[in-house]
Structure formats: C-alpha cells, structure tokens
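Shown next, in structure tokens, is the structure this report addresses.
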Amino acid sequence: DEERKPIQVDTIANEVLKLIRSTIPTTIEIKENIESHSVIMGNPSQVHQLFMNLCTNAAQAMEDDGGTLEIGLTDVEHNDLWPLPKAGFKSGNYMKITVSDTGPGISADIIGSIFEPYFTTKGVGEGTGMGLALVHGIVESYNGKIIVDSKLGKGTVFSIYLPITIKREDHRTYEKKKLPSGTESILFVDDELPIAKMGSQLLERLGYRVAFRTSSVEALALFRSKPNDFDLVITDMTMPNMSGDKLAKELMEIRPDIPVILCTGYSKKISDETASEIGIKAFAYKPIAKADLAKTVRQVLDDKDRQHTTGRILLIDDELQIRKLFIQKMADSGYEIIEASNGNEGLKLYREHKPDLVITDLIMPEKEGIETITELKKENPHVKIIAISGGGRINPNDYLHIAKNLGAERTFSKPIDWPSLIKTVKELLNQPAG
Ligand SMILES: Nc1ncnc2c1ncn2[C@@H]1O[C@H](COP(=O)(O)OP(=O)(O)O)[C@@H](O)[C@H]1O
Ligand SMILES: [Mg+2]
C-alpha cells in the first residue's frame, strides 16, 4: 500500500543498517551518521525500499575491492541548500539522506541515464535497471529531490532531500551531547573485528580520531612506526600471539608516557598492583557501556595532560600581556616556565637554565627574534624553538619563513591559536632531545 503517514526515518535507517550488516561482505565497512530524528510524511515500506536500493547499488559497486558504505541523516534548512540548485525546493526544512560508497564511481557518459527505467550496466540476473527509477519516483512523489555526485575511482554519493513535517531532537541527540568527548588520536586493539569496529565507531562519534587493529602484533608495529601519532591506546586483554598486558609493556618501552586502557572481562580481572606495575592507567570491563568508555577515556587523557611535569620552557616576548597569558594557559601543564622580555635576556637565561624548549617572539627590541634564533642555534644546534610573529613592520609571514629556515621547529602567528600552540609544546617536549 502507498498510504502516507508521519514516519521517523531514523528508525527505518537503523533497520536497514542492521539488515545490510548481516548480508553484505565483510570487505565493505559500514558507517552511519544519523543526526536527524525528524519526521516526514511517507510510507515506511517505500522509504525502506529507497534505502535498500541505494545500499544494494553501493554494495554491488564495491563487491570486488571492498570499501566503505555510509548512511547519513541530517536536517538542513532551506537557506543552507545553496549552492545546490534551489529551483523546485519549496521553503521549509529538509531531511538530507545520503548513501555513499567508495566504489569505482559512475562515468560521465552514463550518469544522465541511471534514473531511467531499465537502464543497467549489470549482467542478466544481476540488475534490472529498476532500482534507481523506483527511488526517483518515490522521492518525486514526496516533493523531494535526489542528487548524485560521483567521482571516478573515488566513489558515489546519492543525496536525497525530503520535506520535514516535524523537526524533532530526541533523547539520543541530547545524550550524545552530554558524553565527555575529545579530538585526540586513539589506537584501538581487539582481535574480534566486530568489537574493534564498534569501539572505533563509538569513539569516532565522540570526536576522537581512531585507528584500529585486530592483531596486537600489527598494533605494535603501527605504534612503532609513528609513536607520536597516538595519545592513547585501548587494548583487549585476551588476544592470540601477544596479550594486552604484554602489548602495553612493549608500547611503554617505545614511549613511556603513552597511557593504556586495558579491556577485560570481570572474571579475568588482574590485580590493581599488577596493573600499575605495568603502567596500565585504567580498565574497561566488557561488555563496555558507551558512557563508561567515554568517561574513562576522557579521564585518562586529562590525567595524562596533568602529569606532564617534565619540561622547562623559556619564553621570550617583550609583551608582558602575552607572557602572562601563556603562563596562565600552561598553568595546568606542570611545565616550568622562564620568562625573558628581550633576546639578550633570553640568551643569558638560556645559558643559565638550559631549557628544553624556547618560544620566541620575532619582533622585539634589543635583539630581534631572528638574531636570537641564530645565536641559540649556534649555542646548541639541537635546541627546539617555536617562533611567534605578530603584525610588525613587514609582513609577519616573511619573518616566519626566515625563522623556519633558521631551524625553528614550528612557527605561529599572532593572534595565537592557543590550543594548537599548547598541543605543539606538548608534542615537542614529548619527543626525545635531538
Ligand atoms: N553506487 C553506484 N556506483 C556505481 N554505479 C552505480 C551506483 N548506483 C547505480 N549505479 C549505476 O546505475 C545503474 C542503474 O542502477 P539501478 O537503477 O539500481 O539498476 P541496477 O542496479 O539493476 O543496474 C547501475 O547499473 C549502475 O551502472
Ligand atoms: Mg540497483
């Protein structure tokens, strides 16, 4: 039947996700980004079919080489539709449904025909050419729009815009906002692929950047190849070849300050002493609740930030305001900060205190920053320097360029992007001295 009533598309999307998870090959990763919980006027079985047809095409496109299929659901306002062709869009809010794949894409010579009934590039028995024609028909009858965007060798995105009847934010959106989140980079290790995937997806949705491995040996190799790329490792305890505690030990040989969270069943619990002996920062007990993992991760990452007490920074800047602000921003870091208001004083303090890092302004009285960097490098070729340039007499970027050439590790311009500066400071102080 084609009867229409208010329906919640997110529920249908979730059903479809469940269905395709169990039917499409494991070489295809499935992602979801369901942000809209709004209601449209429609027919549940038609919308179900719409998703299935698009997902089937996406899966078929990635049959040979695998890839990623993603279902997205967001609300967009009419005004945000620009620069899409506005023609035909009545005012009001729209739900945007996307089904994307990383398959071979659709070539320009056929893309104009794909919505036509009976158009197919597939062999007999594989395709009827009716899938997209049906989708197109459904979308049109709902006063919506369908747009295809495809890049050869990269993939295809089908975007469907459907008018929203009731805009709704349900508790899930609310809950998501409340969970502690972050943007740090995490390595997730579990020998069971579904768990590794689920854990990574959960953390990604909280904002973290996540890499996962299903083998502890591979995880160790990855970490060894770029130890400074990760802020945290979460690992399962029971794994073949190398158990989680052994992996943790190896990781800390490479980078002693890397925090590790060990996931284990209650029954396999290892004692707190054993844990702290090998430097495990926290446990997560399986099955892992999303909220618990979110909290533990944030806690461990914040603890780690507070523990960075090893490091002496020399800050050379003629502006008292900037020095004060810097000290204030770094207050929780535990670093020792020495201040100098000009290059001469900076050099003198450098010789006295041998700091691990020098942050210097480039345009100062007495001794210009450029000169200071030159002399510091003469003093110690391995000295780590961050150069900061404010709006000066000449283009500040010219100074930054010179500073870089002289061997400054990083350069920043004013106004200072504090979070990024602080992150850089931590990174530089984490690296072993040159
Ligand atoms: N995600 C996709 N990636 C690449 N090609 C696609 C994709 N979706 C559709 N196509 C192309 O559009 C054609 C028509 O699709 P469809 O109407 O669903 O019919 P069928 O799948 O039965 O061929 C397909 O044969 C294929 O060439
Ligand atoms: Mg099809």
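Computed from heavy atoms alone, side chains included, the values below leave out hydrogens, waters and symmetry copies. Counting starts at 1 for both ligands and their atoms, following the listed order. Quick caveat: nothing in here was measured; it's all calculated off a predicted structure. Starting from 1, each residue takes its place in the sequence as its number.
Looking at atom 21 (O) of ligand 1, its nearest protein heavy atom turns out to be Lys122 NZ, 2.6 Å. Atom 3 (N) of ligand 1 has its closest protein heavy atom at Ala61 CB, 3.5 Å. For atom 10 (N) of ligand 1, the closest heavy atom belonging to the protein is Ile106 CD1, 4.0 Å. Nearest protein heavy-atom contact of atom 11 (C) of ligand 1 is Ile114 CG2, 4.0 Å. Closest protein heavy atom to atom 18 (O) of ligand 1: Asn57 ND2, 2.8 Å. With hydrogens left out, the protein atom closest to atom 27 (O) of ligand 1 is Thr121 OG1, 2.5 Å, a heavy atom.
Note on ring orientation: taking the six-membered ring where Trp is involved, the planes of Tyr161 and Tyr94 are perpendicular (angle over 60°, cut-offs 30° and 60°). The aromatic rings of Phe115 and Phe158 sit perpendicular to each other, their planes meeting at more than 60°, with 30° as the lower class boundary.
Inclusion of Gly129 in the set of residues having an N or O under 3.5 Å from an N or O of ligand 1 is warranted. For the pair Glu126 and ligand 1, the shortest N or O to N or O distance does not fall below 3.5 Å.
The Gly127 neighbourhood of ligand 1 comprises atoms 22 (O), with distances under 4.0 Å to a heavy atom of that residue. Atoms of ligand 1 lying under 4.0 Å from at least one heavy atom of Thr156, given by number and element, are 3 (N). Within ligand 1, the atoms closer than 4.0 Å to a non-hydrogen atom of Phe119 are 14 (C), 19 (O), numbered from 1 in the order shown. Annotation for ligand 1: atoms under 4.0 Å from non-hydrogen atoms of Gly131 are 16 (P), 17 (O), 18 (O). Heavy-atom proximity to Phe158, at under 4.0 Å, picks out these atoms of ligand 1: 8 (N).
Heavy atoms of Asn53 stay at 4.0 angstrom or farther from ligand 1.
For the Mg ion (ligand 2), the set of nearby N, O or S atoms under 2.8 Å includes one belonging to Asn57.
Ion pairing between a basic and an acidic side chain is recognised when a charged N comes within 4.0 Å of a carboxylate O; Lys197 and Glu204 show no such pairing.
Checked against Ile388 for a side-chain contact (heavy atoms from CB on, under 4.5 Å), the options Thr360, Ile359, Leu362 give a single hit: Ile359.
Distance CD1/Ile254 to CZ/Phe230: 11.0 Å, rounded to 0.5 Å. Met52 contributes atom CE, which lies 11.0 Å from atom CD of Glu15 (distance to the nearest 0.5 angstrom). Distance NZ/Lys5 to CD1/Ile40: 12.0 Å, rounded to 0.5 Å. Interatomic distance, Thr165 OG1 to Met95 CE, rounded to the nearest 0.5 Å: 8.5 Å. To the nearest 0.5 Å, the span separating CG on Leu202 from CG on Leu179 amounts to 8.5 Å.
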### Query
Should Glu184 and Arg298 be marked as a salt bridge (Lys or Arg N to Asp or Glu O under 4.0 Å) after you check the CA-CA gap, both sets of side-chain angles, and the distance that decides it?
CA-CA 10 Å; Glu184 285 95 339; Arg298 194 61 260 158; 3.0 Å; yes
### Step-by-step salt bridge (Lys or Arg N to Asp or Glu O under 4.0 Å) determination, Lys423 to Glu427
CA-CA 6 Å; Lys423 187 162 181 283; Glu427 274 169 14; 3.0 Å; yes
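Residue nearest to atom 1 (N) of ligand 1, selected from Asp101, Val157, Val135: Asp101 (by heavy-atom distance). With distances taken over non-hydrogen atoms, the option nearest atom 15 (O) of ligand 1 out of Leu132, Leu54, Thr120 is Leu132.
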